[in-house]
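Quick notes on the structure that follows.
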Amino acid sequence: MIIKSLELENFRQYKGKQPELKLYLNDKEKNVTIFLGDNTSGKTTLLQSFLWCLYGYVNFQSKDELLNKDTEYEVQTGKLKSADVSVKMVVDYLGSEYTISRKRTYTIQGKNVSCNNGEEFTVWKKSENGDLNSIVRKNAENLVQEMFPKDLSDYFFYDTERFKNITSKKEVNNSVRGLLGLTSLENMIDHIGRKDLSSSVLGQLHSELDIGTEPKYTELIETNNQLQNKIQESSKDKEQIMEQIQKYEIEIKDIREKLTRMDKVSELERQRIQLENELKTLNFDLENKRQRFKKQINNNTYAFFAAPLITKAKDLLADKEFDNVGIKDMNANSIDHILERGVCICGVEIEKHSREEQALLREKEFLPPKSIGMMIQQFKERTDNFLLNSSNFVEDINVVKEDIAKIELEIDRIDDELDQISQKIKSNSDSRTLEETLTKFERYKDDKIQSLGKINAKIEGRQKLIDRNINIIETLAIKNHKNNELYEKIAYLNEVLAWAKKSFEKREEEINESLQVKINDAFQKIYHGNRLVKIDEKYNVSLIVEGPGGNKKVDTSEGLETVKNFSFLAGLVGLAIEKRAEDLKTDAGSEIEPLPLVIDAPFSNTDSRHVSKIAEVLPSVAEQLILIVMQKDFDHAINSMADSIGIQYQIEKISETHTVIKEVAL
Amino acid sequence: MIFEKDITFSGKHGYYMSELCGEGIERVFARNIDLFMVAPLIGYTKGWIEDSEKIEAELDTKRTINTSQLISESRALEAIYQLVILCDQTLKHSVEEKVNLAFRIPHSVKMEDKEKQAEAIEVFMKYCRGGISYIYQEVKNEASNFLDELENMTKLIEDYELYQKDTVNSVEELGMPYI
């Protein structure tokens, strides 16, 4: 997808109807559009205009004050009867052109200028004959969501200064999956569903099974329906709790930002951030070690537990003599079979009373059941291997266990230090109230997280009961021949489901691996140093460095955060483009659409060397790049990206309430 | 191959298996077969022998080890089976009879041998069920979460190693306390 143009009207300081801003030249080599502007000229407003147009929200503190102040005054004084605030974008999506528009109309209501008619949100599709046909609102919203997944909007309409740390973002797995082309398989899996979900295909088929009219079973069905309803209720509660957690997180973030800006405690707050990042890494390591511990416990366990029996069995067999001239893993039945079919495994025909038949019969004498010498030999070899493989079993477990204990100790130390920092901040009169509120919100958040755990356990418990009831019902249903046809369908669907899940997992794993590589490729191009970017299965990003003793630490300088975030963006977009190119080669085509990147202040907080590196990498990974940037930052970037710039605009601030955008000749 | 068909545990042992095994979830053993290969050895060593046992309907669950898993672990499984049969004293066989049961009879096609084989497999399964119960008891002992369970499993392993060291010179006494 490409954003072809943007048109603003009375949107904040963009007074009146602004000329249409062309954003793309149809030239892949010139895929960068630059907006240059000074502080407070309206750069961030420009980025916000995209968000408002697509999703109807902005990140300003005064969210309802969208109407240009001069124009508002004109409406208030009667000079204008009404005024519109509108943003219009033209985009190319899946080979068609769409115009997306959001508009509010303001009029005077008593003494105030306000918008009482709600917002008009319209998407038009350009038909082949050039007609613009609007799309029903609900479909239009879905279409926009498909084009620009909302939970990825922070990434593709990227405000560098607001978006300090990608790792703290909400979960984006679904959208990242969509972006990387996993949605079809996921939809298929959801559609087939589960036998306990009556809305799914499998659920439907299971509900059609004939189980007769015995009250015991009809009761079970009723119980399951009730349990299902309770799960739904709990899921709603769960959503609410998650929203509350998010709310507390916003409050906490806000307080933390305020503390960072307070001279007397900013250093303490900086230390706290550092420690929290260390804690995050330690917790990540702890989880990994616990997984390794589980693996270790499952590795050759039987060999370890076999040891006393091996000693005893060997003693038992010690006095016995057995021949061991037979062929390994072969028995008399195999020879009988060869003799019966008359052809040896080497292809030679075996005739009655021939030399070959005699040789085989002789061989049979040394094979089980007649001779077990070879079997015992094999048994000894295998049990010797058991002892060999398990010789370090306990030692290996203890090594991981010790690692875990060390990490836990380190976590305790950091927890203590964090407590001390909090006490120090509280002892400062200026920051006391803030810190106390922070502690309160953190406690609230922890409480909610605990409630969430309880709700999850409740849901899981109910689900288990449902599964058990279904098993009981099915024991009966399976005996009824009337259900044979349905069971065939169910079996077929289960096969398809298993295939889809396997394919999904495989593809997701491949994608995660490729994404990790891509992000690190980008990171290495931008950053010079011995660090790595790591993503987990939820696409959380962290920066790691091998410290002494294999410890991993996270660097938290703002500049490095920016580099890390851009590497994630570059990796994600780069991979999406690569996947698309691969898919297009197949008959099935691609479900991945290229995404544009719109970035505000990409080079702030970053030193000049990294600026030029970022400027070098970004145009090559995104299909379309729109940068809103300050002149002083741009000076370091221009050399690296001059060849890629197709269009350049200057944002000119005429007054606090009036800004214009002019195209600059290149 | 000694185990040629799917092996299913139901009732009490099916439930215990469901609580002890599972990949990607908080269970001590990754797969049912991992427990199946350990349980008879522990059942024997600790002298725990159990028949199948029913459990209340809401806990009843079936756990199966399918043939493909049995095939992929057949060599180790065969050795485990042979170990248990050689060491067992419940059938009160002579050494020669034990050797026959462990090595010869599994390859015989004679009907009477098939019956002996079935009897031996049932002995093996009794140790297995006993082992599952023992492991369940030890792993779940006062555990309030998965970490406690892992800790308990480690304790079981450590105790086993100590026990092994203490009794290495008197192996004849192993596994006999309750038989």
Side-chain angles (χ1 to χ4, degrees), chain A residues 220 290 293-317 319-320 322 329-334 336 367-376 378-383 385-386 393-394 397-398 400-401 404 464-465 467-469 471-472 475, chain B residues 26-31 34-42 44-45 57-62 73 75-80 82-87 95-96 98-100 102-110 113 131 146-147 150-151 153-154 157-158 160-161 163-164 167-168 171-172 174-175:
Chain A
L220 283 178
R290 280 177 183 155
F293 189 54
K294 184 178 169 179
K295 263 191 194 152
Q296 208 75 52
I297 283 182
N298 277 275
N299 188 22
N300 285 321
T301 325
Y302 60 84
F304 166 77
F305 283 105
L309 285 84
I310 294 173
T311 319
K312 190 175 180 187
K314 279 192 174 171
D315 278 1
L316 206 91
L317 297 172
D319 313 334
K320 313 282 166 210
F322 303 99
D329 289 332
M330 201 169 194
N331 62 29
N333 293 338
S334 322
D336 288 342
L367 291 174
K370 193 149 193 184
S371 164
I372 51 170
M374 182 47 64
M375 301 276 307
I376 289 172
Q378 265 184 359
F379 168 76
K380 284 179 177 167
E381 284 170 16
R382 283 175 191 168
T383 49
N385 274 337
F386 278 13
F393 182 73
V394 177
I397 285 180
N398 281 332
V400 190
K401 214 176 138 189
I404 289 176
K464 264 189 182 171
L465 277 177
D467 292 344
R468 274 175 203 144
N469 289 345
N471 280 341
I472 299 170
T475 326
Chain B
E26 296 194 330
R27 300 285 187 273
V28 169
F29 291 91
R31 305 170 303 165
D34 294 325
L35 175 61
F36 179 64
M37 290 167 81
V38 169
L41 300 165
I42 294 183
Y44 170 77
T45 317
E58 66 264 28
L59 295 182
D60 194 14
T61 175
K62 286 188 172 62
E73 299 286 0
R75 282 162 190 261
L77 260 176
E78 192 173 66
I80 293 169
Q82 287 160 340
L83 278 172
V84 171
I85 297 304
L86 285 175
C87 295
V95 176
E96 277 68 26
K98 284 179 182 182
V99 170
N100 266 343
F103 300 102
R104 201 184 307 276
I105 283 176
H107 300 279
S108 168
V109 286
K110 288 184 196 161
D113 286 342
F146 179 53
L147 292 180
L150 279 182
E151 189 56 43
M153 183 66 199
T154 320
I157 291 167
E158 285 167 350
Y160 198 88
E161 200 196 26
Y163 176 64
Q164 209 172 302
T167 53
V168 74
V171 282
E172 282 302 317
L174 279 177

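Convention: sequence-line order gives letters A, B, ...; per-chain numbering from 1. Heavy atoms only: backbone and side chains are in, while hydrogens, waters and symmetry mates are out.
- Residue Met37(B) holds its CE atom at 9.0 Å from CG of Asn300(A), rounded to the nearest 0.5 Å.
- Scanning both residues, Met153(B) and Ile297(A), for their nearest heavy atoms gives CG-CG2, 3.8 Å.
- Between the CG atom of Leu150(B) and the CD1 atom of Ile404(A) there is a distance of 7.5 Å, given to the nearest 0.5 Å.
- Scanning all heavy atoms of the two residues, the minimum distance from Cys87(B) to Ala313(A) falls at SG-N, 4.2 Å.
- For a residue to count as touching a neighbouring chain, one of its non-hydrogen atoms must lie under 4.5 Å from one of that chain's; by this rule Ala76(B) touches chain A with backbone and side chain alike.
- Between the side chain of Asn298(A) and the backbone N or O of Ala30(B), at least one donor-acceptor pair lies under 3.5 Å.
- If you take CD on Glu78(B) and CZ on Arg382(A), they are separated by 5.0 Å, rounding to the nearest 0.5 Å.
- Both the backbone and the side chain of Ile157(B) have a heavy atom closer than 4.5 Å to some heavy atom of chain A.
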### Task
Check the pair Leu83(B), Phe379(A) against side-chain contact (heavy atoms from CB on, under 4.5 Å), reporting the backbone distance first and the verdict last.
CA-CA 9 Å; Leu83(B) 278 172; Phe379(A) 168 76; 3.6 Å; yes
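- Applying the side-chain contact (heavy atoms from CB on, under 4.5 Å) rule to Glu158(B) yields the partners Asn398(A), Lys401(A), Thr154(B); only residues at least two apart in sequence or on another chain are considered.
- Neither the backbone nor the side chain of Leu35(B) comes within contact range of chain A; no heavy atom of the residue lies under 4.5 Å from a heavy atom of that chain.
- Within the 4.5 angstrom heavy-atom criterion, only side-chain atoms of Thr383(A), from C-beta onward, approach chain B.
- For the pair Pro308(A) and Tyr160(B), the minimum side-chain heavy-atom distance is below 4.5 Å.
- Partner of Leu309(A) under the side chain to side chain contact (heavy atoms under 4.5 Å, CB included) criterion, chosen from Ile80(B), Val84(B), Leu86(B): Val84(B).
- For the pair Ile376(A) and Val99(B), the minimum side-chain heavy-atom distance is below 4.5 Å.
- No other option in Tyr302(A), Phe305(A), Phe386(A) has as many heavy-atom pairs under 4.5 Å with chain B as Phe305(A).
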### Working for side-chain contact (heavy atoms from CB on, under 4.5 Å), residues Phe146(B) and Lys294(A)
CA-CA 11 Å; Phe146(B) 179 53; Lys294(A) 184 178 169 179; 4.0 Å; yes
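- Per-residue heavy-atom pair counts under 4.5 Å with chain A were compared for Val28(B), Thr61(B), Asp34(B), Asp113(B), and the maximum is reached by Val28(B).
- Contacts of Lys295(A) classified as side-chain contact (heavy atoms from CB on, under 4.5 Å), with partners at least two apart in sequence or in another chain: none.
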